[in-house]
Amino acid sequence: MSEVNPSPEYLERLRHSTAHIMAYAVQQLFPNGEHTVKLAIGPPIENEFYYDMEVPRPITPDDFPEIEKHMKAMIKSNVPFEQETWTFDAARTWFAERNQTFKLELIDGISDKDVSASDEGVAEEGVSIYHNGDFTDLCKGPHIDKTGECRHFKLLRVSGAYWRGDSNREQLQRIYGTAWSTREDLRTYLRQREEAAKRDHRKLGRELELFQMHPESPGSVFWLPKGAFIYNHLSEKVRKLNLDEGYHEVRTPLIYDSSLWQTSGHWEHFKEDMFLIDNEDGEPTCALKPMNCPAHMLIYKSKRHSYRDLPYRIHDQGVLHRNEATGTLSGLSRVRQLCQDDAHNFVTEDQIAEEYERILGLFERIYGTFDLPFRCDFSTRNPDKYMGDIEVWNRAEDILESVLKNNQIDYTVDPGEAAFYGPKLDFQIRDSLNRDVQCATVQLDFQLPERFDLIYIAPDGSEKRPVVIHRAICGSFERFIAMLIEHYAGAFPMWLSPIQCVVMTISQKFVDYATEVQNLLLKLNCRVVLDNSDDKIGAKIRQARLQRVPYMLIIGERERDNRTVSVRSREEGDIGAMTLDSFTEKIRDEIDIDF
RNA sequence: GCUGACGUGGCUCAAUGGUAGAGCAAGUGAUUUGUAAUCACUAGGUUGGAGGUUCGAUUCCUCUCGUCAGCUCCA
């Protein structure tokens, strides 16, 4: 039976089991379903589950009621989940009779393994099979006891997914659903999703007039005045922080001859994703930069560097263009034109550790300011695909790991996921829909210094190869702002709010005093606007609240006569009248901050 | 790029083969207001674009562009 405080492990079993029930229900949708619906895999995922299958026609959300009906029927019958072990031959025969080619492929995969190594759930001499009622599936389990436990579920969405995640193979239909042990938990989860959708940055971006997109330039952002303010303000703060930390800021071209991209290796790997410029013969000869590093290599190389110059740090917020595939574009999170708080730090091998410490210090300054929780993926060397000296790699990876530990950063290791030219740290933040969004990245690079033949002069006068650290703290400002919008649900902290105060009059009679208040605040570099329209005060407040303005200053007869303002704060509501001095004192520290 | 869904005034949505409608926003006028929407009037759409079927298309079909959910990719 369902548990009151279900363990994560129980919920996984529950969701996995619900996926089986759903697969059965989809089979019921089609005549001869067991033979025409080809099942692939159906695992539980965080909070949800899915099942991938090949079906005679695409499933749409319109099919959900019918699928759910069949699911409920099986749940109501409360049949048990029962495990059996079949021999490979028996399983092959059974699934072949039912035309379940994906399952046959899975069985082959299992039989190829050394089964004596007792892979979990895989029997020594065969495969694990689960039945629930009339439904039979190849599955290592585990499952719950009876279908009746899966009462609290809902189908959510449908999409395509490639068999085995390979875009060269069959594309299947994936149906997502969610399942919980109680009705309340299900409701809570669905409500959370609705709440999250309300803070979707695309929706808020439109409502708060921060930015817009147009089909005339898909994937590139039109920043409206308020959004542009946030963008520029943020970029300015980051720029200042980098200058304080010893970075040299540069500005570099957008367009480069293809030879540069050949040198850097991008031509070979990423030509398809670059915006190219053709000559008269239609041959691409130039490209818009998708990243800044080659430009910075040229700058480094333009003079001889002593070990005394290192670390040499170049910061660049240049405009980048990446011709992302159409299907991947998404709001501000995945765009074709972007700027990063990009930097390249040229260091000696001995300086790697300290430089990483310093970079993580920047993280704490910036992410701490926004109170953003992040975690880190540490991608290590792929044994089959790496360049450079294995000793250097090992040392570098040890350094990165110890830096993560020293700074008590929550990280997971992705073995073999590093690029061939160096190990990397990717910093992830959760967006409002609980999706991981990658922002920052810190990557060690042994390759570009080779390709560009970079050197520095060591104390003994010999020429040595520096190491390059690619780093961005915010990552793309576009994506970072998307995340901030959702993190704050549009209610930016005072220092980042495009409008910090609205002075609003009770009636036209008080415009003079209201203007005086406005001018006084303007002198303090407060971003303040005056609402002297004919609307009633309630309407003005509503308007300002919808725009998430931090402070509303209400000016009527009392305020004018006493030379005060009545303050309504975004967070606390009406906080009463105060003198102008006490208000300016109150906001003095909020108006502006540095990282 | 792939699969699917969607695209109607600035925004949110209605109209299912028969002259496209509402609310909000906008404009004008009235009102001069005390903490989340004052009232009235006016204007605004060849229904993303192109082709087709039909006496007639927002509605059906094809192509195309864009958006969204995912998948693949992500220097």
Side-chain angles (χ1 to χ4, degrees), chain A residues 50 52 54-55 57-63 156-176 197 200 202-203 206-207 209 212-219 261 264-274 289-294 320 322-331 333-335 340 342 419-422 424 426 433 435 438 441 443 445 447-448 470 475-476 479 504-511 532-547 552-559 566-569 573-577:
Chain A
Y50 67 80
D52 285 349
E54 192 177 273
V55 281
R57 62 158 176 87
I59 304 283
T60 77
D62 293 340
D63 296 314
L156 296 175
R157 58 190 180 274
V158 60
S159 78
Y162 297 107
W163 169 233
R164 303 227 139 151
D166 182 344
S167 58
N168 294 316
R169 301 212 49 183
E170 297 89 333
Q171 185 151 31
L172 312 171
Q173 291 281 303
R174 173 174 296 180
I175 306 175
Y176 286 90
D200 187 310
R202 291 165 298 199
K203 182 175 148 70
R206 190 168 49 239
E207 290 173 1
E209 298 186 353
Q212 52 191 213
M213 307 282 228
H214 291 279
E216 286 82 354
S217 186
W261 306 111
S264 70
H266 290 101
W267 201 253
E268 199 185 331
H269 293 288
F270 297 106
K271 190 179 163 191
E272 302 305 310
D273 303 315
M274 287 163 68
K289 68 174 166 187
M291 55 195 329
N292 295 307
C293 18
L320 308 179
R322 300 177 177 187
N323 196 3
E324 303 286 2
T326 51
T328 63
L329 299 176
S330 174
S333 310
R334 191 73 179 268
V335 292
Q340 300 178 322
D342 198 12
F420 64 94
Y421 52 82
K424 66 173 174 177
D426 286 321
L433 291 169
R435 296 180 290 206
Q438 189 200 315
T441 175
Q443 172 128 29
D445 188 345
Q447 186 213 21
L448 278 181
H470 306 249
S476 108
R479 188 181 290 178
M504 43 187 75
T505 50
I506 296 288
S507 86
Q508 297 291 352
K509 287 181 247 168
F510 315 110
V511 171
N532 62 354
S533 63
D534 289 346
D535 285 327
K536 290 162 80 163
I537 198 68
K540 296 184 187 186
I541 288 168
R542 177 182 152 79
Q543 209 46 48
R545 287 193 54 114
L546 288 174
Q547 291 294 313
M552 287 153 265
L553 303 181
I554 291 147
I555 306 289
E557 191 172 4
R558 288 200 298 273
E559 290 75 16
S566 281
V567 182
R568 188 185 173 101
S569 108
D574 186 354
I575 52 179

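Every chain is numbered from 1 and lettered A, B, ... according to where its sequence line falls, protein lines coming before strand lines.
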Which nucleotide in the list B/U32, B/G66, B/A75 gets nearest to the side chain of A/K509? B/U32
Nearest heavy atom decides the nucleotide; on that basis, is A/Q443 or A/S330 closer to the 5' end of RNA chain B? A/S330
Among the nucleotides B/C74, B/G34, B/U3, which one has an atom lying closest to any side-chain atom of A/R558? B/G34
Assigned partner base of B/C6, Watson-Crick or wobble definition, under 3.5 Å: B/G66
I'd like the C1' distance from B/A50 over to B/G66, given in whole Å. 15 Å
With respect to the phosphate group of B/A37, does any side-chain polar atom (N or O) of A/R545 fall under 4.0 Å of OP1 or OP2? no
If pairing means Watson-Crick or G-U wobble with both distances under 3.5 Å, then the partner of B/C55 is B/G18
Could you tell me which nucleotide pairs with B/U38 by Watson-Crick or G-U wobble geometry, both distances under 3.5 Å, or answer none if nothing does? B/A30
Looking only at atom P, what distance separates B/U59 and B/A25, rounded to whole Å? 31 Å
Suppose you measure atom P in B/G27 against the same atom in B/U62; what distance do you get, rounded to whole Å? 44 Å
Integer angstrom distance from the C1' of B/A37 to that of B/U33: 14 Å
Take atom CG of A/L546 and atom C1' of B/C24, then tell me their distance rounded to the nearest Å. 11 Å
If you measure from the P atom in B/C6 to the same atom in B/G45, how many Å do you get, rounded? 27 Å
Look at A/R202 and B/G66 and indicate whether a side-chain polar atom (N or O) is within less than 4.0 Å of OP1 or OP2. no
To the nearest 0.5 Å, tell me how far A/R334 CZ sits from A/S476 OG. 10.5 Å
Could you state the CD-P distance from A/Q438 to B/A75, rounded to the nearest angstrom? 7 Å
Which one is paired to B/G23, where only Watson-Crick or G-U wobble pairs with both distances under 3.5 angstrom count? B/C11
Nucleotide nearest A/R568 when distance is taken to its side chain, options B/C11, B/A36, B/G70: B/A36
Looking only at atom P, what distance separates B/G51 and B/G56, rounded to whole Å? 15 Å
CD1 of A/I555 to OG1 of A/T505: how many Å apart, nearest 0.5 Å? 8.5 Å
Among A/I541, A/V567, A/I537, find the residue that satisfies the side-chain contact (heavy atoms from CB on, under 4.5 Å) test when tested with A/M552. A/I541
Check A/R542 with A/D535, please: is the shortest side-chain N to carboxylate O separation under 4.0 Å? no
As a test of reading the structure: which of B/A75, B/U31, B/U38 is closest to the side chain of A/D273, going by heavy atoms? B/A75
Tell me whether the side-chain N or O atoms of A/Y162 pair up with the base of B/G1 as donor and acceptor below 3.5 Å, since no angle test is needed here. yes
Give the nucleotide from the list B/U32, B/A75, B/A36 with an atom nearest to the side chain of A/Q508. B/U32
Is there, by distance only and without an angle test, a donor paired with an acceptor across the side chain of A/R542 and the base of B/A37 below 3.5 Å? yes
Distance under 6.0 Å and angle within 45° of ring axis: A/R157 vs A/Y176: yes
With the side chain defined as heavy atoms from C-beta on, A/S167 is closest, among B/C74, B/A37, B/U72, to B/U72
Which of these nucleotides, B/A75, B/A37, B/A69, is closest to any side-chain atom of A/R157? B/A69
Whether the side chain of A/R334 and the base of B/C73 hold a donor-acceptor pair under 3.5 Å is what I'd like checked. yes
Once you measure the plane-to-plane angle for A/W261 and A/H266, does it fall in the parallel (<30°), tilted (30-60°) or perpendicular (>60°) bin? perpendicular
I want to verify a distance call: between B/G70, B/U35, B/A36, whose nearest atom is closest to the A/S159 side chain? B/G70
Determine the Euclidean distance between corresponding C1' atoms of B/G29 and B/U16; express it in Å to zero decimal places. 41 Å
Taking only the C1' atom of each, what is the distance from B/G52 to B/C71 in whole angstrom? 33 Å
SB check A/R164 A/D166 (cutoff 4.0 Å): no
Indicate, yes or no, whether a donor-acceptor pair under 3.5 Å links the base of B/C74 to the side chain of A/R322. no
Which sits closer to the 5' end of RNA chain B, A/M274 or A/T60, going by the nucleotide each is nearest to? A/T60
With sugar-phosphate meaning primed atoms plus P, OP1 and OP2, does A/S566 contact a base, only sugar-phosphate, or nothing at under 4.0 Å between heavy atoms? base
Which one, B/A75, B/U33, B/A36, comes nearest to the side chain of A/I541? B/A36
Among the nucleotides B/C71, B/A75, B/U38, which one has an atom lying closest to any side-chain atom of A/D535? B/U38
Rounded to the nearest 0.5 Å, what separates atom CE in A/M274 from atom CG in A/N323? 10.5 Å
Touch class at under 4.0 angstrom, heavy-atom based, for A/Y421 against every strand present: sugar-phosphate
base_contact_polar (B/G66 base, A/E216 side chain, donor-acceptor, <3.5 Å): no
Any strand, both distances under 3.5 Å, Watson-Crick or G-U wobble: B/G44 pairs with none
